[in-house]
Q: 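Sharing a structure below in structure tokens format, with a few things to ask.
One-based numbering, in listed order, for ligands and for the atoms of each.
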Amino acid sequence: MTSVRDGAEALGRARRIVVKIGSALLVDAETGLKADWLRSLGADVAALRREGREVLLVSSGAIALGRAILKLPHGALKLEESQAAAAVGQIALSRAYSEALAAHAIEAGQILLTLGDTEERRRYLNARATIGTLLQFGAVPVINENDTVATAEIRYGDNDRLAARVATMMSADLLVLLSDIDGLYTAPPAGNPDARHIPLVEAITPAIEAMAGGAASLFSRGGMKTKVDAGKIATAAGTSMVITAGNRMNPLAAIASGERATLFLASADPVRSRKRWIAGHLDANGRLTVDAGAIAALQSGKSLLAAGVTAVAGDFRRGDTILVVDAGGLEVARGLVAYDASDARIVAGLRSAAIEERLGAGARAAVIHRDDLVMARHGWDDGVGEMRDVG
Ligand code: GLU
């Protein structure tokens, strides 16, 4: 996407798109759900889907909608009050999305995440598999934080960063933040008549972060700062991000027709950053010995299939980092394994059909997916340091 210069082009090219919807767009404190707006969003989603694109929605609004439905007084809520409000609001929110998409014969699937679901590897892989399957079924995932159980210490807290985590988890091409502001300005535009709009951010430098305001400004929580933080998460992992105003009808069509927005370009070398993450942060818990055919497949960028595995060592669980070694024990690659050790022992050497026979339909053929795999002898010249062995 290197030649992409604005939000319209980025949207035009994206195959998998995560759209974050802020509470204020969806919910009016007095009248509740903004059903007309949601219908227009549903039409936009349907239009993208007709073009063959995948869309995932990360929607806020559970607490705001719940408090409107329960007619709670204005002002701050206690934690358990906002959690109870979210319980009421989320069910209404899901129904509203389900209806808005059903109007276009699209099914919605609700996913409620807590912080651990994206931060712990095993749960991360699990969440990714579920959301991926939902997309394969042709449904639109509608995702929110599980506010009813998430307390302060274990919360994302804002859906900007949650949406960025979802976008990177699902390797989305584009994250769209629908906001109450049409992008990044050189200074908060309210009260700064000289503030200029920035249409394109090629890299999030300290100067860009300064424009978003520090944590202590009015722009914290859910403001421009969390949006730029989301941009850092997304762009580092290879997902571009667009911030635009969502408070108009058909907000996604508006991006396509060139309404004002800020595009944050994805890092030019995202695969390397992701591989760096795999290599740099995790310890290996086991090893798979593979045959020459599997090594050749890995070298050409393919996933590691069970058929090429000749031996399994160690006690690991799905999502753990393990080493891939050749017959002589030399490390070929490392990656996040898709099977527990016991199942890996069952599938080792088997082809896909035999795997399904042993573990049931839907069992994965890839023991390590290529997105989760780092080759040992490539890309290590960027300051990552030596790979450690498990001994
Ligand atoms: N998860 C919260 C809700 O649905 C919103 C968080 C946010 O506004 O960023 O009410």
Q: Side chain, backbone, both or neither: which part of Asn159 comes within less than 4.0 Å of ligand 1 when only heavy atoms are counted?
A: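 It is both backbone and side chain that touch ligand 1.
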Q: Who are the ring pair (Phe, Tyr, Trp, His ring centres under 6.0 Å) partners of Phe316, not counting sequence neighbours?
A: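 Checked Phe316 against ring pair (Phe, Tyr, Trp, His ring centres under 6.0 Å); zero matches.
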Q: Any side chain to side chain donor-acceptor pair (under 3.5 Å) involving residues 351-361? Give me the pairs, sequence neighbours left out, ordered by first then second residue.
A: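 Output for this query is empty, none listed.
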Q: Decide whether an N or O pair under 3.5 Å exists between Asp147 and ligand 1.
A: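 It does: an N or O of Asp147 is found under 3.5 Å from an N or O of ligand 1.
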Q: In terms of side-chain geometry, is the basic nitrogen of Arg67 or Glu81 positioned less than 4.0 Å from the acidic oxygen of its partner?
A: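 So Arg67 does not pair with Glu81 through a salt bridge.
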Q: Is it the side chain (CB and beyond), the backbone, both or neither of Asn144 that lies under 4.0 Å from ligand 1, heavy atoms counted?
A: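 Side chain only.
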Q: So, 4.0 Å and heavy atoms of Ala86: is ligand 1 close enough to count as a contact?
A: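 Contact absent.
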Q: Do Ser94 and Gln110 have side-chain N/O donor and acceptor atoms under 3.5 Å apart?
A: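 The answer is yes; a qualifying pair exists.
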Q: Show me which atoms of ligand 1 lie under 4.0 Å from any heavy atom of Ile63.
A: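 Once the distances to Ile63 are compared, the set is 3 (C), 10 (O).
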Q: Provide the number and element of each atom of ligand 1 under 4.0 Å from a heavy atom of Asp158.
A: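 Matching atoms, with element in brackets: 9 (O).
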Q: So, regarding Gly61 and ligand 1 (criterion: nitrogen or oxygen to nitrogen or oxygen, under 3.5 Å), is there a contact or not?
A: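 Indeed, backbone or side chain, Gly61 has an N or O that close.
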Q: Roughly how far, to the nearest 0.5 Å, is the CD1 atom of Ile91 from the OG1 atom of Thr148?
A: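 Going from OG1 on Thr148 over to CD1 on Ile91, the span is 11.0 Å.
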Q: Any heavy-atom pair between the side chains of Arg16 and Arg53 that's under 4.5 Å?
A: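 No; the side chains remain at least 4.5 Å from each other.
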